[in-house]
Amino acid sequence: MSIERTLVLVKPDGVARNLSGAILARIEAKGYTLVELKKTDATRAMLEEHYAEHVGKPFYEPLVEFMLSGPVVAAIFEGQRVIEGFRALAGTTDPTTAAPGTIRGDLGRDWGLKVQQNLVHGSDSVESAEREIAIWFA
Ligand code: IDP
Ligand code: MG
């Protein structure tokens with residue numbers, strides 16, 4: 001089993017709610033290694049690349065606007081199967097039904113908006129991780 005890297009973003013809702021540290025602590029407590037970390041402002045160009053798979057979906061434009069609404073915390077974490085492991089830790093996309101014990105399940109809720117504000121992003125494959133790390137840590 002080879003060591004993987006994944007891109008984690010604390011989205012603007014997580015930063016605005018002062019949850020960045022609590023979220024990063026959960027990932028570190030599980031045992032993954034923090035490789036890179038920064039607080040940054042996304043640009044529309046970065047988000048168009050990052051969320052290319054979602055172009056044309058009804059939540060796409062609200063998603064881009066949400067991700068531009070404030071700073072994000074971008075991190076690279078490393079470890080065996082970290083891509084799958086972080087997504088399990090994050091929980092499912094919809095925070096209302098995300099399992100208790102997960103980041104989204106414990107810290108997130110539905111705010112009745114056009115896009116789900118669900119605190120975190122995590123890469124979904126080795127290919128996505130490589131592509132996303134290049135966007136956020138160019
Ligand atoms: P993921 O973040 O769990 O991988 P994706 O399907 O990649 O979920 O969607 C990217 C982001 O777009 C989600 O994290 C969420 O913020 C938002 N999103 C996805 N699907 C919906 C939806 O059906 N309604 C509202 N927002 C959505
Ligand atoms: Mg995704």
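In listed order, ligands and their atoms are each counted from 1. Numbers here are sequence positions counted from 1.
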Are any of the side-chain nitrogens in Glu84 or Arg87 under 4.0 Å away from the carboxylate oxygens of its partner? no
Test of understanding: with side chain to side chain donor-acceptor pair (under 3.5 Å), list the residues that count as partners of Glu78, not counting sequence neighbours. Arg5
For Phe137, which residues count as a ring pair (Phe, Tyr, Trp, His ring centres under 6.0 Å) partner, sequence neighbours excluded? none
Should we say atom NZ of Lys57 is surrounded by more than 12 heavy atoms from elsewhere, each under 6.0 Å from it? yes
Within-4.5 Å side-chain heavy-atom neighbours: Ile27 and Leu89: yes
Please, which pairs that meet salt bridge (Lys or Arg N to Asp or Glu O under 4.0 Å) have at least one residue in residues 36-49, sequence neighbours excluded? Arg44-Glu61, Arg44-Glu65
Students should find this: residues with any non-hydrogen atom under 4.0 Å from ligand 1. What is the answer? Lys11, Tyr51, His54, Phe59, Leu63, Arg87, Thr93, Arg104, Lys114, Val115, Gln116, Asn118
